[in-house]
Amino acid sequence: MRLLLYKDIDLRRVKPAFDKVKAAIEADDFRSADVKKLNVGPYHRAKLDYANRLLLQFARVNLDGAPVTVCLALEVIENHAYEKSRFLRGATVDEAKIEREPPSALAAPALAASATPLRWLGSQQQFELLDKPIVFDEAQEAALEQPAPLVVIGSAGSGKTAVTLSRLRQAEGRVLYVTLSAYLAQGARALHAAHGFENPKQEVDFLSYRELLETLRVPPGREVTLPAFAGWCARHRQSLRLLGDLDAQALFEEFRGVIGAQPGGPLSLADYLALGTRQSLLNPAQRELAHGLFQRYRAWLDESGLYDSNLVAEAWRTQIAVPAGPVYDFVVVDEVQDLTPVQLALVLALLKKPDHFILCGDSHQIVHPNFFSWSALKALFWQGLAGEAAERALSQPLRVLQANYRNTQAVTALANRLLKIKQARFGSVDRESNFLVRSTAPEAGSVSLVAAKGAAVQALDAATRQSAQHALIVLRDEDKAAARARFRTPLVFSVAEAKGLEYPHVLLVDIVSGQRQAYAEVCDGVQPADLEADELDYRRAKDKADKSLELYKFYVNALYVAMTRAVQSLTLVESDPAHPLLALLGLQAGDAVSQPVRASTREEWAQEARKLQLQGKDEQAQAIQAAFLQHKTVPWAPWSRQLVEDLAPKALDAKNPSNKPRQALYDYALWHRQHQWVTALGQAGFAPARQLLDQGVFWGAGSTKPHPHGFRSDTWEQLESLTRKSVAAVRQRHLLAWEAKKFKDLLQQADTYGPDHASPVGATPLMLAAMAGNAPLVQALLDKGADPQRRDEFGHTAWDHALGRAMQEPAFAGTGMPAIFPLLAPPALDVQTDGRLVRLERGQAEYWVLQLMLAGLKTQWSRCVVRSAELRKYPEGFFADQLHEVLANLPAWLWADKRRKPSYVNQVLARAEVASAYQPARKLWARAGTGRYLPNPAMQLRIGDGWVPVYEVMALDWVDRGSGEDAWYRPRPLALVARLGLRPPEDSTDAE
């Protein structure tokens, strides 16, 4: 058996012992290596010596059609300290269970069953590890080893993102990964941090391009989209006719990719007219009209509350980035073909050293409006886009990754044939994109052409409609309706939506037939003999004045992107199967391929819907909900603000003989720890509430106890005991089922009412499972599509509910939170302060402190005292000892040992307050008193695509209901804003 080494493994102290273990494993002698299966995860360990162990994992790869198992050496565990393992993440390893593992369990079938899949295995002796183990080929290794600046070109599935992320892991200082897609940026962050990877020498930001703009200054309004632009074009039909009936997509490309795309700002009319013939879609006479329309377009943006990221990029570069100076030591730009020159110029302006960057992309995957080509990018560098030093990126060999590790052989062959047609018709795009792709997949796969006739369509519909493994792609959004009339799958995408997705099986519906003339032009004059070569020869277009490539680039690239979404099989369903392009592709119409298709389970559809929601594909997610996840309305009345407002008049009416509404309001108050309702119930004569008032647990107008500041300290133990019993009784009643190890009934409720239904207490099942610290139940609910970002009426997510419990029970931070952290904790927390995005990553102390504040604010803001401490501290704000008590209970892999001193939290609080001179100035909280802090009232949280003032998200107006009388001892949000001289969030009103 082959043994591969993780490239970051440290063998310096155990090299002789490792060599012996390696030799034993390679000889399939597991007994001599003392290889045992651990009781946690898919891991094994081998015995190096008395004190040290080698952590192993097995992988499975297909070689020449036969499955082969290999062994992966991950990490040396010194002195039996499994709890410090990067991969085990604090999991408890039971040595007794390890020793009882029989050697026979290490037989090949047992290993194969638990082995992780490995896509490719060359002659390399090492592997990289992102979310899964990867063995790089020679081209990938060469790209990885080349120093910056570096340009990596590769098709979909070539592993260019894996290569660039591996290279990024090696960078030091402040590092930026940026791409156009927010989902791709989130995925890259997850890959970078997979299996607990940390580089203490770097601070890395993973941002979409929009988020990068927001880190400088949040642009006002929303970004303009093609549908919005198309609506504007409809008001200028007459002008568009004078442009040769240019459609909205083409004009958008002219505005975004030509006029507004230059690093120096939008082109003047003279500069626009001076462009070469192949640098614009329009002739000189049409350009003058288009330039006038562009000025109207800019005015319309302002009137409509929209912004163009090109225009913002130029403004932010000159107004903010250049004056403030560079901030990043290293930058990776992924899918660079989606960015315009002015957008790229802003990114490179943020670099401290102009040549410390990596660009990667594929010019064949352009479906966004721009005129990108690698040759055009070269010209920009030669013009000094990133300084003279950056030209070295173009003097070195550009790294081209031709291997495809995603698509089967048949799909890759069809995509290659389309590239041959593109080159034969238009000439080479540039020298750098002049290559075909080589599939490494052992599976042949299938490609078929089906005439869009009744019986064939019905057969395909019947076979695919219940499978989440089959997706349907059309050219544009307006084509979806016709496709849905024939196919009932909810997975219907336009090409622009499908970019970045992949499915095992894909149907392309009338992409060619729906644009007969355009695709006829794409293949005009191309003969089958032109497509026989195994490689692409570089050739320029015959007519340099021919703009056909730019005119029809969208159509050919869109078809290429659509094809490469299919991993295993691709079916083209066309109304005109005799179209000449289809013939050139070597496709002949036949019957629909009859394949046994397994209907996806409810859980699989739920997971698919959740994945699409994360990618911003709400339309398809809702279609899945309507087709497969139909849920009933819950038969109970969940607690809510509206319910309490309806109950309150009855509950607080002393003449009402029924105690039922009083008990409901009382339980609600204790569950949420809201003092005002207990005070009101006590005044109305409800005995349990009156008892708490009389004992001094709650203070208000109805309390018979003296002011709390005059309490003797010897009463605290009694008060805390009474309070905890009252709150614990409510919690036990409503949380008991969620703490149980058996939760079949709860999962059945999730199937019936939906995974995000409101429980009787108003929280979702995921929120209650998180509060209970029940990680298996959390995972089961996530598998059913539960939304971890859903907020309750107090602005709390499921993770916030766990943090809120830890604020009340600090020990829960050590017992319940570690297991649910990987499942629920957001990878980053986005806030807006001083008009710019501040992103807090998991590894930052501010991430934890702010989240604890937000999770505990509901209780802290109210006057419900549930802990034994000096009373007056809590209403005035959070303080260091309080936060440290929670954080100190976290395991070391979440809160490092170097942070364990109580003074450290004080330092964090001081450096991120609004008045601090510390850089970077995050301004996350405001000082409400000596050593007391509250979240910055001028701060905003990202909710969906917008920003909302933090105290509005946290519903403090509801927490404040009925508590105006004693507001003297904790500042209200806008009063605090005024006192500190902050700029309040827009549209805020002072509750006072």
- Task: Tell me, please, which residues at least two apart from Trp799 pass ring-ring contact (aromatic ring centres under 6.0 Å, His included).
- Result: Phe821
- Show your working on side chain to side chain contact (heavy atoms under 4.5 Å, CB included) between Leu339 and Leu180 and close with a plain yes or no. CA-CA 7 Å; Leu339 301 184; Leu180 189 68; 4.1 Å; yes
- Could you verify whether a donor N or O on one side chain and an acceptor N or O on the other, from Asn310 and Thr340, lie under 3.5 Å apart? yes
- Query: Where the side chain of Glu497 meets the backbone of Phe493, is there a donor-acceptor pair that is under 3.5 Å apart?
  - Reply: no
- Using the salt bridge (Lys or Arg N to Asp or Glu O under 4.0 Å) rule, pick out the option among Arg256, Arg210, Arg222 that qualifies with Asp308. Arg256
- Note on the structure: Sequence neighbours excluded, the answer for salt bridge (Lys or Arg N to Asp or Glu O under 4.0 Å) partners of Asp510 is Arg486
- Query: Is the closest side-chain donor-acceptor distance between Glu223 and Ser309 under 3.5 Å?
  - Reply: yes
- With sequence neighbours excluded, tell me which residues meet ring-ring contact (aromatic ring centres under 6.0 Å, His included) with Tyr560. His364
- Applying side chain to side chain donor-acceptor pair (under 3.5 Å) to Arg942 and not counting sequence neighbours gives Glu214, Asp830
- Check step by step if side chain to side chain contact (heavy atoms under 4.5 Å, CB included) holds for Thr833 and Arg922. CA-CA 7 Å; Thr833 62; Arg922 297 190 174 97; 5.7 Å; no
- Task: Kindly give the heavy-atom pair with the smallest separation between Leu176 and Leu212, and that separation in Å.
- Result: CD2-CD1, 4.1 Å
- Side chain of Ser280, backbone of Leu282: donor and acceptor closer than 3.5 Å? yes
- Query: Below 4.0 angstrom, N of the basic side chain to O of the carboxylate: do Arg287 and Glu254 qualify?
  - Reply: no
- Item | From Met853 atom CE to Glu846 atom CD, the distance as rounded to the nearest 0.5 Å | 10.5 Å
- What is the distance from atom NE2 of His631 to atom CG of Asp756, rounded to the nearest 0.5 Å? 9.0 Å
- Query: So, His796 side chain and Leu854 main chain: donor-acceptor pair closer than 3.5 Å or not?
  - Reply: yes
- Message: Between Asp800 (side chain only) and Ala855 (backbone N and O only), is there a donor and an acceptor less than 3.5 Å apart?
- Response: no
- Item | Backbone of Ala234 reached by a side-chain donor or acceptor of Arg237 within 3.5 Å | yes
- Test log, rule salt bridge (Lys or Arg N to Asp or Glu O under 4.0 Å), inputs Lys160 and Asp334: CA-CA 9 Å; Lys160 58 183 181 294; Asp334 203 355; 5.8 Å; no
- Query: Can you name the nearest heavy-atom pair linking Leu475 to Ala558, along with the distance?
  - Reply: CD1-CB, 3.7 Å
- Query: Centres of the Tyr272 and Phe294 rings: under 6.0 Å?
  - Reply: no
- Ignoring hydrogens and geometry, is there a side-chain-to-backbone donor-acceptor pair from Gln620 to Pro490 under 3.5 Å? no
- Message: Is there a salt bridge (Lys or Arg N to Asp or Glu O under 4.0 Å) between Glu211 and Arg839? Walk through the geometry before answering.
- Response: CA-CA 9 Å; Glu211 291 164 345; Arg839 170 160 289 175; 3.0 Å; yes
- Item | Residues that Tyr177 engages under ring-ring contact (aromatic ring centres under 6.0 Å, His included), provided they are two or more places apart | Phe206
- Show the numbers, then the answer: is there a side chain to side chain donor-acceptor pair (under 3.5 Å) between Ser494 and Asp477? CA-CA 5 Å; Ser494 66; Asp477 283 338; 3.2 Å; yes
- Report the C-alpha distance between Ile320 and Arg217 in whole Å, list the side-chain angles of each, state the deciding distance to 0.1 Å, and finish with yes or no for side chain to side chain contact (heavy atoms under 4.5 Å, CB included). CA-CA 8 Å; Ile320 304 174; Arg217 185 184 302 156; 3.5 Å; yes
- Can you name the residues that form a side chain to side chain donor-acceptor pair (under 3.5 Å) with Thr225, not counting sequence neighbours? none
- In terms of side-chain geometry, is the basic nitrogen of Glu913 or Lys923 positioned less than 4.0 Å from the acidic oxygen of its partner? no
- Message: Going by the rule salt bridge (Lys or Arg N to Asp or Glu O under 4.0 Å), which residues pair with Arg476 if we only count those two or more places apart in sequence or in a different chain?
- Response: Asp247
- Message: Is it the case that the side chains of Glu335 and Ser181 hold a donor-acceptor pair, with the cut-off being a distance below 3.5 Å and no angle test?
- Response: no
- Sequence-distant partners of Tyr555, ring-ring contact (aromatic ring centres under 6.0 Å, His included), two or more places apart: Tyr519
- Over all atoms of both residues, closest heavy-atom pair of Leu766 and Ala786: CD2-CB, 4.1 Å
- Task: State which residues pass salt bridge (Lys or Arg N to Asp or Glu O under 4.0 Å) with Asp302; sequence neighbours excluded, sorted by chain then number.
- Result: none
- Query: With sequence neighbours left out, what residues match Glu314 under side chain to side chain donor-acceptor pair (under 3.5 Å)?
  - Reply: Arg317
- For Arg836, check salt bridge (Lys or Arg N to Asp or Glu O under 4.0 Å) against everything at least two apart and list the hits. none
- Message: Which label fits Phe229 and Phe255: parallel for a plane angle under 30°, tilted from 30 to 60°, or perpendicular past 60°?
- Response: perpendicular
- So, Tyr951 side chain and Pro935 main chain: donor-acceptor pair closer than 3.5 Å or not? yes
- Item | Side chain to side chain, Glu841 and Val204, heavy atoms closer than 4.5 Å | no
- Pairing of Asp205 and Arg174 as salt bridge, 4.0 angstrom limit: yes
- Message: Salt bridge or not between Asp479 and Arg484? Use side-chain N to carboxylate O under 4.0 Å.
- Response: no
- Gln286 and Glu288: side chain donor to acceptor below 3.5 Å: no
- Item | Glu793 side chain vs Arg641 backbone, donor-acceptor pair below 3.5 Å | yes
- Note on the structure: Taking every heavy atom of Ile943 against every heavy atom of Arg791, the minimum-distance pair comes out as CD1-NE, 3.3 Å
- What heavy-atom pair brings Leu924 and Leu850 nearest, and what distance separates the two atoms? O-CD1, 4.2 Å
- Message: Quick check against the 3.5 Å criterion: does Ser304 have a side-chain atom that pairs as donor or acceptor with the backbone of Leu301?
- Response: no
- Task: Kindly give the heavy-atom pair with the smallest separation between Trp947 and Leu837, and that separation in Å.
- Result: CH2-CD1, 3.7 Å
Which atom pairs, donor and acceptor, lie under 3.5 Å between side-chain atoms of residues 605-612 and protein residues at least two apart or in another chain?
residue: Trp605; atom: NE1; partner: Gln466; partner atom: O; Å: 3.4
residue: Gln607; atom: NE2; partner: Asp783; partner atom: O; Å: 3.1
residue: Glu608; atom: OE1; partner: Lys611; partner atom: NZ; Å: 3.4
residue: Glu608; atom: OE2; partner: Tyr503; partner atom: OH; Å: 2.4
residue: Glu608; atom: OE2; partner: Lys611; partner atom: NZ; Å: 3.4
residue: Arg610; atom: NH1; partner: Gln613; partner atom: OE1; Å: 3.2
residue: Arg610; atom: NH1; partner: Asp787; partner atom: OD1; Å: 3.1
residue: Arg610; atom: NH2; partner: Asp787; partner atom: OD1; Å: 3.0

- Item | Trp316 side chain to Ala321 backbone, donor-acceptor under 3.5 Å | no
- Item | Centroid separation Phe357 to Phe330 less than 6.0 Å | no
